[in-house]
Amino acid sequence: MTATTPSMSTTTVAARRNGFLVGMIMLIVLTLLVAELDKWIGSQFKANGFARNPLEYPLTAVIIGLIANFGLRTIGQYQFVRPAIRTEFYLKIGLILLGARISLGDLLKIGIGGLLQALVMVVSVFFFTWWLGGRLKLPETLKAIMASAVSICGVSAAIAAAGSVQAKKEEVTYITALVILIALPLMVLMPVIADALHLSPTVAGAWFGGNIDTTAAVVGAGTIYAEQAQSVATVVKSAQNVLIGFVAFALAVYFASVVNRDSGEKPSPSMIWQRFPKFVLGFALVSIFVTLGAFTPAAVSAMNNAMQWLFTLAFISIGLDFSIREVRQAGWRPLLVYLGATVFNTVLALIVAYLIFGVLFPPAV
Amino acid sequence: MKSPIRLSEDWLATIIGLLLVLLIAVTAVSIPYPLFNLLAP
């Protein structure tokens, strides 16, 4: 075992701090660049007779992030700036600001439908992925984190499940790469398919929220489709996020009592609260304030601008987060299970989103 | 010895988000998107 000397740990902390600062400056410059490019691309489409810009800013941001990712790895500086690449952190702050665009009534209506959809989707997709993983003989731990990632919310669900089942670090890294690999094309393709199917923004948003694994790509797909789709997709995905704690607890109980029976561990129900996504509370609180008329129209507009900046930061970070090496290292079987589960998820989410948001709770936002 | 309070990323994002909402609500400070508008005609 190697002991960490105080001077070594001080050096590590200082390197991380410097990496964070340099990475943050780089991200801010890239965000400014994306905003300028997005405006320019939009004006080019408009000048050529297009009603709207089909390459909305999430796509521009992800592409810029991927280019920066390649550049940083080429010059060997990727790990240095890694501490600043915090997709979920920027996204969650942006989502709290998004609360200012949704009234409490809409939040409750979409939230109830979203929770209903989340229950159907999480249970069906989790067990389908678990079953498919078993057929292709994936390890129990990989099966657990993959089923959580596909059925709930990608990376954060994979991390929560990994903690419950004591998965290997490489398994989480692999799932993280896979989540982004699959989510990026879905973020671009699903709005195109939704458009071809003439889905209402509400049904389309619920479909994106129920299917795409990572919350950042859900918000991206919704933004590309329509403003209303962005709001619905976010609320539906948040409803799904809320279930993380329950799944993490159920997995911990299963692994302690069946897989690792001799470990003597007793998972505590407090895990449900520990894993609960706290940003959902902030989002709901802002929605309550906006319903009570606490913000002026100028303030709501300013919050919308701030949200767009934060989402751009998050979308650039998705491109920066991506790593193909981990996908290659894990082999074809986990990839096959993930793809199979994604196809199942996509079809089922479309049916469920249509039934819940097209028939039970028709468009209202 | 008690360890110092450590906030999870989730709590930190929630607190920063709410503080940002409060700041904007009080000052209505807005950063235009894009900031410079250099490329658009």
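In what follows, chains are A, B, ... by sequence order, proteins preceding strands, each numbered from 1.
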Exercise. Does any heavy atom of chain A fall under 4.5 Å from the side chain of Leu12(B), the backbone, both, or neither of them?
Worked result: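 Contact with chain A involves both backbone and side-chain atoms of Leu12(B).
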
Exercise. Quick one: what part of Val29(B) sits under 4.5 Å from any heavy atom of chain A, side chain, backbone, both or neither?
Worked result: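 For Val29(B), the contact with chain A is made by the backbone alone.
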
For this session: Give, as side chain, backbone, both or neither, the part of Leu285(A) having an atom under 4.5 angstrom from any heavy atom of chain B.
Result: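 Leu285(A) touches chain B through side-chain heavy atoms alone.
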
Problem set entry | Which portion of Phe283(A) sits near chain B, non-hydrogen atoms under 4.5 angstrom |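 It is neither, since no heavy atom gets under 4.5 Å.
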
Write down the atom of [X], the atom of [Y], and the distance for their closest heavy-atom approach.
X: Asn37(B); Y: Lys39(A); answer: OD1-CG, 3.5 Å
X: Phe36(B); Y: Glu36(A); answer: N-OE2, 3.0 Å
X: Ser30(B); Y: Asn305(A); answer: OG-ND2, 3.0 Å

For this session: Could you check Gln274(A), Lys278(A), Arg275(A) and say which one makes a side-chain contact (heavy atoms from CB on, under 4.5 Å) with Asp10(B)?
Result: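 Of the listed residues Gln274(A), Lys278(A), Arg275(A), the side-chain contact (heavy atoms from CB on, under 4.5 Å) partner of Asp10(B) is Lys278(A).
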
Roughly how far apart are [X] [atom1] and [Y] [atom2], rounded to 0.5 Å?
X: Glu9(B); Y: Arg86(A); atom1: CD; atom2: CZ; value: 4.5 Å
X: Tyr33(B); Y: Asn304(A); atom1: OH; atom2: CG; value: 11.5 Å
X: Ile93(A); Y: Ile16(B); atom1: CD1; atom2: CD1; value: 4.5 Å
X: Leu32(A); Y: Ile31(B); atom1: CG; atom2: CD1; value: 9.5 Å

Exercise. Most heavy-atom pairs under 4.5 angstrom with chain A, which of Ser8(B), Ala25(B), Ala28(B)?
Worked result: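 Most heavy-atom pairs within the cutoff with chain A belong to Ala25(B).
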
Exercise. Does the pair Phe295(A) and Ile24(B) meet the rule for a side chain to side chain contact (heavy atoms under 4.5 Å, CB included), with working shown?
Worked result: CA-CA 9 Å; Phe295(A) 307 133; Ile24(B) 296 173; over 6 Å; no

For this session: Please check if atom CZ in Phe276(A) has more than 12 non-hydrogen atoms from other residues, nucleotides or ligands closer than 6.0 Å.
Result: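 Yes - once you tally the heavy atoms of other residues, nucleotides and ligands closer than 6.0 Å, there are more than 12.
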
Exercise. Above 12 or not: heavy atoms from other molecules or residues under 6.0 Å from CG of Leu23(B)?
Worked result: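 More than 12 within 6.0 Å, yes.
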
Problem set entry | chain B contact residues among residues 309-317 of chain A, heavy-atom distance under 4.5 Å |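 Residues Trp309(A), Leu310(A), Thr312(A) are the ones that qualify, each having a heavy atom under 4.5 Å from chain B.
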
Problem set entry | Interface residues of residues 296-303 of chain A facing chain B - heavy atom cut-off under 4.5 Å |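 So far as heavy atoms go, Ala299(A), Ala302(A), Met303(A) are the residues that approach chain B to under 4.5 Å.
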
Exercise. Can you find a pair of side-chain heavy atoms, one from Leu20(B) and one from Ile96(A), that are under 4.5 Å apart?
Worked result: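 Sidechains of Ile96(A) and Leu20(B): no contact.
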
